[in-house]
Amino acid sequence: MEETTTFQGLGHLFMTIFLYCFSVFIVAPVITDVSMAALCPGKDECSLVIYLSGFQQIITGVGSLMMMPLVGSLSDKHGRKSLLTLPMTLNILPLATLAYSRGTTIFYVYYVLKTFTSIICEGSVLCLALAYVADNVSEGQRASAFGILTGIASCAFVCATLCARFLSIATTFQVAATLAILSTVYMRLLLPDSIQDNSVGAPIVSSENLSSPLLEDCPGHRNRIFRSFRSVREMASLMRSSVPLFQVAVVSFFSSLGEAGLHASSMYYLKAKFHFNKDQFADLMIICGAAGSISQLLFMPILVPALKEERLLSIGLFFASAHMFLLCVAWSSWVPYIAAISALFSVFPQSCIRSIVSKQVASYEQGKAQGIISSICSLANVISPLAFSPLTDWFLSERAPFNFPGFSIMCAGFTMTVAFIQSIMIRATTPMSDMGSP
């Protein structure tokens, strides 16, 4: 497929992502209340919910760590559309379960389905969408295109959260399941497949520089488990062979660790300290999503040419850290709303990271490269609950060694600060990204 000079050719992809993200995000404000009502009715703090959430995150992260490079690799060979079908179809199952009922037994069925389907679904749709964009957009426009894609997801987040604010819990899950089905059907009928041109460009990290070819396809007769482990070895080879990519990987790991820590702690923290319910969660998410949408769709296409991805990455990580430090010491229920405005800038890092990575490999290797970064994010998601779930439970309980309910969020802020410091160092090495083949 010929690279586009505008983003009009990506319209069906953007609509697919909007519908899919809407189905995922509409349940985010209510899932905490559903979990608490099913497992600890009448309580504002529940250790069982926190640890089950952490365990689910670990299983999902381990599975995604193995699956993301494999999914990306298969999409390079078989097409993005074919590989998008599986996670989008699996996403329907857990949503349909809670659309049926939300009792304790059904909740555990949902929990099992969500845990195992997320191994494939978590991050894979975005990973494949990013690879699709990289296939069809010239290198100079990818950062803006990635920003627009993320902005579309943020718009879906805002719209979904706004709907959840006014819908009942039962209706919310019914709408989610319906839109999950609609997004899959829309993608299969209208999204054109992306065909990579192997003759276009050459990887900056050439396979000649590696002990074994970095992004070489596995022979067809080898089984899937071998190919998964081979993907992990490819990831290690890539990190050892490219200083810029190693630094980006470090930033990606620590930023994902901090973000996962925030997500694992913030809702339980706000519910325990300020007695937030689904409506307050929805209001907070609408502010974050609206700010992120405006930033990604309007500001980022303007700022990328002026500041470049590396500087925007540092700016975004700085504001993400500031958001966490302010939230952890919130002294009133209005403080989280003020902190949420930082999303105007804290949404930059992921788009910038993906753009930097996309420039390090050839057009026909985008799926594998994006899958490797997704795997690093998954590794952070594995480690995060091991650290943050016990901290959250400990400091929200009466057993806390001192009165600091936001301690786990502060720790997440420190990990984001590490990512910020590392991102500053990337800028000293970015001239290497210009060493492409003529």
Seminar exercise, completed: Heavy atoms of Ile409 and Ser265 approach each other most closely as CG1-CB, 3.9 Å
Problem set entry | Gly413 versus Ser321, closest heavy-atom pair with distance | O-OG, 4.1 Å
For this session: Look only at the side chain of Ser384 and the backbone of Ala380, and say whether a donor-acceptor pair between them is shorter than 3.5 Å.
Result: no
Problem set entry | pair Val27-Leu98: side-chain heavy atoms closer than 4.5 Å | no
For this session: Answer yes or no: does atom OH of Tyr51 have more than 12 heavy-atom neighbours from other residues, nucleotides or ligands under 6.0 Å?
Result: yes
Exercise. Hey, mind stepping through Gln280 and Leu270 against side-chain contact (heavy atoms from CB on, under 4.5 Å) and telling me if it holds?
Worked result: CA-CA 9 Å; Gln280 281 77 50; Leu270 294 173; over 6 Å; no
For this session: Kindly say whether Leu52 contributes a backbone atom to a donor-acceptor pair with the side chain of Tyr111 at under 3.5 angstrom?
Result: yes
Problem set entry | Heavy-atom donor-acceptor pair, Thr171 side chain to Leu167 backbone, under 3.5 Å | no
Problem set entry | Closest heavy-atom pair and its distance - Ala290, Val158 | N-CG2, 2.9 Å
Exercise. What are the two closest heavy atoms between Leu284 and Pro336, and how far apart are they?
Worked result: CD1-O, 3.3 Å
Exercise. Would you call Met300 and Cys352 a side-chain contact if the rule is heavy atoms closer than 4.5 Å?
Worked result: yes
Exercise. For Phe253, does its backbone N or O pair with a side-chain atom of Ser256 as donor and acceptor, under 3.5 Å?
Worked result: no
Exercise. Can you tell me how far OG of Ser124 sits from CD1 of Ile119, rounded to the nearest 0.5 angstrom?
Worked result: 11.5 Å
For this session: Calculate, to the nearest 0.5 Å, the distance between atoms SG and CZ belonging to Cys155 and Phe14 respectively.
Result: 11.0 Å
Problem set entry | Note, Leu262 side chain near Leu327 side chain (heavy atom, < 4.5 Å) | yes
Exercise. Any chance OH of Tyr337 has more than 12 other-residue heavy atoms, nucleotides or ligands included, within less than 6.0 Å?
Worked result: yes
Exercise. Does the side chain of Asn91 come within less than 4.5 Å of Met88's, by heavy atoms?
Worked result: no
Exercise. Taking Thr178 for the side chain and Gln174 for the main chain, is one N or O donor matched with an acceptor at less than 3.5 Å?
Worked result: yes
Problem set entry | Distance (rounded to the nearest 0.5 Å) between Ser346 OG and Phe319 CZ | 9.0 Å
Exercise. Is the closest side-chain heavy-atom distance between Leu307 and Ile315 below 4.5 Å?
Worked result: yes
Problem set entry | Heavy-atom pair with the smallest gap, counting every atom of Phe166 and Leu162 | CD1-O, 3.1 Å
For this session: Measure the shortest side-chain to side-chain distance between Val49 and Tyr268 over non-hydrogen atoms and say whether it is less than 4.5 angstrom.
Result: yes
Exercise. side-chain contact (heavy atoms from CB on, under 4.5 Å) between Tyr20 and Leu84: does it pass, once the steps are laid out?
Worked result: CA-CA 11 Å; Tyr20 172 81; Leu84 274 171; over 6 Å; no
For this session: Please work out which of the three classes, parallel, tilted or perpendicular, describes the rings of Tyr110 and Phe173, given edges at 30° and 60°.
Result: perpendicular
Problem set entry | Phe116 atom CZ: more than 12 heavy-atom contacts under 6.0 Å | no
For this session: Output yes when a side-chain donor or acceptor of Ser118 lies under 3.5 Å from a complementary backbone atom of Thr115, and no otherwise.
Result: no
For this session: Determine, step by step, whether Tyr186 and Met15 satisfy the side-chain contact (heavy atoms from CB on, under 4.5 Å) criterion, reporting the C-alpha distance in whole Å, the side-chain angles of both residues, the deciding distance to 0.1 Å, and the verdict.
Result: CA-CA 8 Å; Tyr186 182 95; Met15 179 57 72; 3.5 Å; yes
Problem set entry | Residue pair Leu126, Leu149: steps toward the side-chain contact (heavy atoms from CB on, under 4.5 Å) verdict | CA-CA 9 Å; Leu126 179 59; Leu149 179 65; 4.2 Å; yes
Exercise. Any sub-3.5 Å donor-acceptor pair from Ser255's side-chain atoms to Met416's backbone N or O?
Worked result: no
Exercise. Rounded to the nearest 0.5 Å, what separation is found between the OG1 atom of Thr417 and the CE atom of Met324?
Worked result: 8.5 Å
Exercise. Within a strict 4.5 Å, meaning less than it, do heavy atoms of the Leu10 and Val137 side chains meet?
Worked result: yes
Problem set entry | Residues, nucleotides or ligands: over 12 heavy atoms within 6.0 Å of Phe318 CZ | no
For this session: Quick one: pull up CG in Leu179 and CG in Leu95 and give me the separation to the nearest 0.5 Å.
Result: 10.0 Å
For this session: Ignoring hydrogens and angles, tell me if any N or O in the side chain of Ser293 forms a donor-acceptor pair with the backbone of Ser154 under 3.5 Å.
Result: yes
Exercise. Taking only residues two or more places apart in sequence, or in another chain, which ones meet Arg102 in a salt bridge (Lys or Arg N to Asp or Glu O under 4.0 Å)?
Worked result: none
For this session: For Ser295 and Gly292, indicate whether the former's side chain and the latter's backbone hold a donor-acceptor pair under 3.5 Å.
Result: no
Exercise. With a 3.5 Å cut-off and no angle check, do the side chains of Thr89 and Thr184 form a donor-acceptor pair?
Worked result: no
Exercise. Say you draw a straight line from CG of Leu86 to OG1 of Thr117; how long is it, rounded to the nearest 0.5 Å?
Worked result: 10.0 Å
For this session: Identify which one of Ser266, Ser53, Ser408 satisfies the side chain to side chain donor-acceptor pair (under 3.5 Å) criterion when paired with Thr392.
Result: Ser408
Exercise. Taking all non-hydrogen atoms of both residues, which atom of Val30 and which atom of Thr172 are closest, and how far apart?
Worked result: CG2-CG2, 4.2 Å
For this session: Taking the side chain as every heavy atom from C-beta outward, state whether Val347 and Thr150 have any pair of such atoms under 4.5 Å apart.
Result: no
Exercise. Has the side chain of Lys81 got a donor or acceptor atom that lies under 3.5 Å from a matching backbone atom of Pro192?
Worked result: no
